[in-house]
Number of protein chains: 2
Amino acid sequence: MGKPDDGPIGIVAALVRSSFLVNAVYAKSAREYGLTPQQGQLLCVLMARPHGMSELGAMLSLAKSSLTGLVDRTERNGLVRREPDPQDTRAVWVALTAQGSKVAGEFYTETCRRIEELPGSLNPAERDTLAALLGRVVLDNEVPAVFLEPDEGGSAARER
Amino acid sequence: MGKPDDGPIGIVAALVRSSFLVNAVYAKSAREYGLTPQQGQLLCVLMARPHGMSELGAMLSLAKSSLTGLVDRTERNGLVRREPDPQDTRAVWVALTAQGSKVAGEFYTETCRRIEELPGSLNPAERDTLAALLGRVVLDNEVPAVFLEPDEGGSAARER
DNA sequence: CATGCATAGTTCGTCGCACGAATTAAAAAG
DNA sequence: CTTTTTAATTCGTGCGACGAACTATGCATG
């Protein structure tokens, strides 16, 4: 058998290295919008609709204190706001501000564009196959919607 | 057209969400070995062989000061050591210690196992297709070997 | 209605980690 | 020999992760 790195890589290395690639692209894009990757992620989740802290914490797999800090910093940047919950005075809803919607939309659109370029050497059928297979993996593992579908994100980004 | 979340997800959302999933699994695994994700990543890179700081910085896309700190902390944990470069007294090589090799091997093996389970609902042909397509994306984008192939990693982990 | 339990979120303390600018020391180029 | 380039570290700063403890509120029970 040839050297391992001469052959096709396995599913495990492929998944980990593609994750590294996506993280790098995501972080670079976020940085260009004055965001950290975590702030970008928060904004993307909130593009769909406002969320409670408990729900956000669960989606982002963060300790409660981590989320409090992240929302504090993002609120201080004027991108989100906390709103009281009329039904439960303990709870708050986190929503995008007008500026937050604008930044989130732009960040999201540009990040979509960059991520879309990554599989650039695949033909359309191969892309569809990759999307279908990865999509099943994501579905089966119940990954939260930390990034909207372009259809969802596009309409959310346009509703400004 | 049906609701966007009823249909198959697109390549962009698939890539970002699968990255989120892999990150979560990787972080959880690292944590169980007393490592942070960044330390785990450093150890995995070093499983192949010792690296210079410049090469490590390039592979991990880190600022030089960030890498210095990461190596400081991992050295303090007894998992890596800095060795002088006989050819260039400015430079250092970073290598795994005996304990570092052990921890890296165990972390790597367990993380492989967990990542391998993610596409559990795909049949073998589908897994091979996914690996081939993602592998091409990774290759075309020149992603560094931040995670060894199981063949490489297995032999590296066994060389103890 | 009062009490106890559960939940929502924040505060606190700590450590890891990211960056850029500046610095020191050594190697390379002229 | 001097100047430029390179390797890595130090410094200062801010972000982000955690767990424990806390405060306040809602819910269930007697």
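We name chains A, B, ... by the order of the sequence lines, and we start the count at 1 in each one.
Taking a cutoff of 4.0 Å between a charged side-chain nitrogen and a carboxylate oxygen, Glu75(A) and Arg81(A) do not qualify as a salt bridge. In summary, Lys28(A) and Glu110(A) do not engage in a salt bridge, as defined by a charged side-chain N under 4.0 Å from a carboxylate O.
In this structure, Leu62(B) atom CG and dC19(C) atom C1' are separated by 11 Å, rounded to whole Å. Going from atom CG of Leu70(A) over to atom P of dG9(C) covers 14 Å, rounded to whole Å. Rounding to whole angstrom units, CD of residue Glu55(A) and P of dT7(C) are separated by 17 Å. Protein atom CG of Leu56(A) is 13 Å distant from nucleotide atom P of dA8(C), rounded to whole Å. Atom-to-atom, CD of Glu75(A) to C1' of dT10(C) comes out at 13 Å; the value is rounded to the nearest Å.
Within the structure, a side-chain polar atom (N or O) of Ser66(B) is placed less than 4.0 Å from OP1 or OP2 of dC19(C).
For the pair Cys44(B) and Leu148(B), the tightest heavy-atom approach, listed with the atom from each and the gap, is O-CG, 4.2 Å. Between Ile9(B) and Ala131(A), the shortest heavy-atom contact is O-CB, 3.8 Å. Minimum heavy-atom separation, Gly40(A) to Leu35(A): CA-CD1, 4.1 Å.
Place Ala91(A) and Ser65(A) on DNA chain C by their nearest nucleotides, and Ala91(A) ends up nearer the 5' end.
Sorted by residue number, the members of residues 16-42 of chain B with any non-hydrogen atom under 4.0 Å from DNA chain D read Arg31(B).
Partner Val80(B) forms a side chain to side chain contact (heavy atoms under 4.5 Å, CB included) with one of Leu46(B), Leu70(B), Asp72(B) and no other, that one being Leu46(B).
If you take CD on Gln41(B) and CE on Met59(B), they are separated by 9.0 Å, rounding to the nearest 0.5 Å. Annotation: the span from His51(B) atom NE2 to Leu96(B) atom CG amounts to 10.0 Å, rounded to 0.5 Å. A distance of 12.0 Å separates CZ in Arg114(A) from OG1 in Thr109(A), rounded to the nearest 0.5 Å.
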Taking N or O atoms only and anything under 3.5 Å, show me the protein contacts with nucleotides 27-30 of chain C, one pair per line.
from: dA27(C); atom 1: OP1; to: Thr89(B); atom 2: N; distance (Å): 3.2
from: dA27(C); atom 1: OP1; to: Thr89(B); atom 2: OG1; distance (Å): 3.1
from: dA27(C); atom 1: O4'; to: Arg90(B); atom 2: NE; distance (Å): 3.4
from: dA27(C); atom 1: O4'; to: Arg90(B); atom 2: NH2; distance (Å): 3.3

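Between chain A and DNA chain D, the heavy-atom contact criterion of under 4.0 Å yields a 5' to 3' nucleotide range of dC15(D) to dG26(D).
Nucleic acid contact class of Thr68(A) (heavy atoms, under 4.0 Å, all strands): base.
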Quick one, Tyr108(B) with Phe147(B), criterion ring-ring contact (aromatic ring centres under 6.0 Å, His included). Give me CA distance, side-chain angles, the key distance, then yes/no. CA-CA 8 Å; Tyr108(B) 170 85; Phe147(B) 204 71; 4.9 Å; yes
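Linking ILVMFWY residues whenever their side-chain heavy atoms come closer than 4.5 Å, directly or via other members, leaves Met47(B) and Trp93(B) in distinct clusters.
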